[in-house]
Amino acid sequence: MGELKTGSRLKSAVCDGEVMVVLAPTGDIEVTCGGAPMAPSGTETERAEIDPDHAVAIVIGKRYISEDEALELLCVKGGEGSLAVAGQLLLQKDTKKLPKTD
Amino acid sequence: MNVMMLLEMAQATFPDRRAFTDGSSGQSFTYQELFEAARMRAASVQASSATRLVKLDVSNLGTPLSLFTSAWAGVPFVPLNYRLTNDEIESLLTRVTPAYLVTQEDRIATLGAVADVSAITSGQFLDDSEHTTAIDGEWSMDPDDIAVLLFTSGTTGIPKAAVLRHKHLVSYILSSVEFAGADEEEAALVCVPPYHIAGIAAILSSVYSGRHVVQLPNFTADEWIRLAREHQITSAFVVPTMLARIIDALDNSDSAGMPHLKSLSYGGGKMPLSVIERAMVLFPEADFSNAYGLTETSSTIAVLGPEEHRTAKASTDDALRRRLVSVGCALPGVEIEIRDDGGNMLAPGERGEIYVRGEQVSGEYEGRGSVVDKEGWFPTRDAGSMDEDGYLFLEGRADDVIVRGGENLSPGEIEDLLLTHPTVADAAVVGIPDEQWGEGIAAAIVAKEGASIDVEELQAFVREHMRSSRVPQLIKEWDELPYNETGKLLRRVVKADLSG
C-alpha cells in the first residue's frame with residue numbers, strides 16, 4: 001500500500017499483467033490484479049493465486065478507470081487478472097475514435 | 001511515463017510488422033528491430049556522456065531510432081533544421097552541448113570540431129557493428145523528464161527551444177490514438193520535416209497504432225505521388241502548399257489514381273478553399289481532416305473531421321459552408337478559449353487570442369520557464385474566433401494584428417476577402433508605418449494565371465464588402481509569396497518589403 005505516482009508501473013502477482021499509472025488520486029491506495037496486490041515493476045514478488053472473481057483478462061493498450069474516474073491505469077502488458085481497488089473492479093475506458101491527423 | 005513504453009508495447013504486440021521504411025533508400029525496420037536497435041544506441045549515447053542527442057539530417061530510419069534512443073538513454077532528443085545556414089546551426093548546437101550529434105557526412109568535419117560535441121554520421125548511427133553493447137536496465141518512468149527540445153520555426157525572431165516532457169507526448173498519444181488500431185496493410189506517407197512537431201507526432205502515433213510509416217525525405221509533388229502509389233499509402237499528412245503542388249502535378253486528371261488513400265489530413269498553415277475543394281474531387285475515396293496544433297501543445301489540439309468536411313462542402317448555408325476553412329473542434333481532454341487583450345473570455349464569433357489547456361500542453365521554453373498561467377492556460381499568440389458550436393477559426397498570429405488609428409484589424413480577414421476576387425491567386429496583408437494612423441494597410445497580391453491586378457479595382461472591392469478602414473492603401477503585385485517549408489507565410493518578409 002502507498003501513494004501511486006503518475007507514470008510509474010505496477011506488475012501483477014498472479015499473471016504477466018503490467019499497468020502504468022495515468023492518473024492517481026492523492027493518498028494511499030492499493031491496486032489489485034486478480035485479487036492480489038500489485039507491486040512496483042522491477043521488484044521481486046511472490047507469485048499468488050488468481051481469485052476466480054477477478055479473472056477477466058486485461059488487454060494491452062486498454063485503459064482502466066475507477067468509477068469516480070480518479071484512478072486511470074493503462075495496461076502495458078496483458079494478463080489474466082482483473083484490476084480492482086478495495087474489491088471494486090475497474091472499468092474499461094472507451095477510446096473515442098478520432099480522425100488520423102499525423 | 002516514457003515514449004519508449006509506446007514502442008515497447010508495439011514490439012510486444014506486433015514484433016515482425018514493418019515499422020518504418022525510408023522511401024528513398026528502401027531500407028526498413030520492424031518494430032522489434034527498431035526496439036533492439038534503440039537498446040544498443042542508448043548504450044553508445046550513455047557512454048559518450050552527452051546530455052542531448054542531436055539529429056541534423058533529412059528524414060531516414062535514424063529519425064525514429066534517435067527519438068527512441070534518446071528516451072531510453074534518458075537524454076532529450078533535439079532534431080535540428082538542416083535548411084538553416086551553417087552559422088545558425090552552429091549557434092543552436094552550442095546551446096545544447098554536451099551533445100551526441102548524428103548528422104550528414106559532409107557536416108562532420110565542421111560540427112564535430114565544436115566544443116563538447118561527439119559527432120557520428122547517420123550511416124554509422126544505423127550501422128549495427130558500431131553499437132555492440134546493450135544499455136543496462138530500463139528507461140526512466142519519470143513523467144517530468146524532457147523527451148524533446150524543439151527549436152520553434154522562428155518566423156518572428158530568435159528560435160526558442162520548446163520543452164516537451166514525456167508526460168506531454170504520452171498524454172497526447174493516449175488521448176488521441178487507439179493502441180494497435182491500424183491494420184497491417186495500413187501505411188502512412190510522412191513528408192513533414194523531422195525537426196517539426198508534426199514529424200515527432202507522426203512517429204509516435206504511428207508506432208502506437210501499429211501503422212507502417214514510409215518516409216519521404218525531400219518533398220516534391222512527383223515523388224509524393226510516386227511513393228503513394230508504389231506503397232499503396234492509406235494515410236498522409238500534408239501542409240497546404242504541398243497539397244496545392246500535388247494538385248497541380250495531378251492536373252488534368254479526373255482522379256488522383258490512389259484508391260488506397262483513405263485519409264488525407266492537413267495543417268500547419270491556412271488552406272485555401274479552392275485547394276481543398278479541388279482535392280476533395282481528386283481524392284474521392286479519401287477522408288479529409290484538418291488539424292491545428294503547435295509545437296508547445298505536442299501537436300494537434302483541434303480537428304475538423306471527415307464528416308464535417310462533407311457536410312460543410314454539401315451545405316448551402318453560408319455559416320456551415322464556412323466551416324470548411326475552420327480547424328474544427330478541440331480534441332478530447334483539450335479546452336480552448338478565445339480571450340481579449342485583458343484576458344477576458346470572448347463571446348462566439350468575436351476575435352481574440354486563442355488559449356489552450358490540457359495534459360499535452362507544455363508551454364515551456366528552455367531557459368525561460370513556462371508561460372502557462374496558474375489555471376493551466378497557454379496563450380498561443382494565435383488569433384482566432386470560435387462559433388457557437390465550438391468550431392475554431394484561425395485569423396493569423398496575434399502579433400500580426402494591424403493597429404490602425406486605434407482600431408485592431410486582422411490581416412486574415414482582409415486576405416480572405418481578397419482571395420475571393422477573380423483575379424487574385426494569393427494575398428498577404430501586413431501593417432506598414434503610417435504617419436497619420438500609426439499603421440496603415442498594405443497588400444502583396446499574386447495574380448491568377450492570365451489575370452492582371454488592377455489596384456483601384458481591388459481597393460473598391462474591399463470598400464464594397466468591408467469598412468473603409470480595411471482598404472489597403474498600398475497594393476503591390478508579386479510573382480509569389482514567401483512561405484517557409486512547412487507552409488507558413490513569412491509575413492515579416494512581406495512587411496519588410498512593403499514598408500521600404
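Only heavy atoms go into these numbers, but all of them, side chains included; no hydrogens, no water, no symmetry mates. Every chain is numbered from 1, with letters handed out A, B, ... down the list of sequences.
- In this structure, no portion of B:Leu6 lies under 4.5 Å from any heavy atom of chain A.
- In terms of heavy-atom pairs under 4.5 angstrom with chain B, the leader among A:Val76, A:Val22, A:Ile60 is A:Ile60.
- The closest donor-acceptor contact from the side chain of A:Arg63 to the backbone of B:Leu174 lies under 3.5 Å.
- Heavy atoms only, all atoms of each residue included: B:Tyr208 and A:Leu74 are closest at OH-CD1, 3.5 Å.
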Apply side-chain contact (heavy atoms from CB on, under 4.5 Å) to the pair B:Met141 and A:Lys5, showing each step before the final yes or no. CA-CA 10 Å; B:Met141 283 297 271; A:Lys5 239 184 108 194; over 6 Å; no

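- Note: A:Cys75 SG to B:Met9 CE = 7.0 Å, rounded to the nearest 0.5 Å.
- For CG of A:Asp68, the number of neighbouring non-hydrogen atoms (other residues, nucleotides, ligands) closer than 6.0 Å is greater than 12.
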The test is side-chain contact (heavy atoms from CB on, under 4.5 Å); show your working for B:Glu8 and A:Lys77 and say whether it passes. CA-CA 9 Å; B:Glu8 182 197 19; A:Lys77 268 185 197 160; 4.1 Å; yes

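- With sequence neighbours excluded, the residues satisfying side chain to side chain contact (heavy atoms under 4.5 Å, CB included) with A:Ala39 are A:Thr43, A:Thr45.
- Of all the listed residues (B:Ala202, B:Pro143, B:Ala291, B:Ala201), the one sharing the greatest number of non-hydrogen pairs under 4.5 Å with chain A is B:Ala201.
- For a residue to count as touching a neighbouring chain, one of its non-hydrogen atoms must lie under 4.5 Å from one of that chain's; by this rule B:Tyr172 touches chain A with the side chain only.
- The pair A:Lys93-B:Glu178 does not count as a salt bridge, with every side-chain nitrogen at least 4.0 angstrom from each carboxylate oxygen.
- From A:Thr6, atom OG1 reaches atom CE of B:Met1 across 6.0 Å, with rounding to the nearest 0.5 Å.
- When heavy atoms are compared at a cutoff of 4.5 Å, A:Val21 approaches chain B solely by way of its backbone atoms N, CA, C and O.
- For A:Glu67, the CD atom sits in a loose shell: 12 or fewer heavy atoms of surrounding residues, nucleotides or ligands are nearer than 6.0 Å.
- In this structure, chain A has no heavy atom under 4.5 Å from any part of B:Ser171.
- Heavy-atom contacts from other residues, nucleotides or ligands closer than 6.0 Å to CD of B:Glu359 number 12 or fewer.
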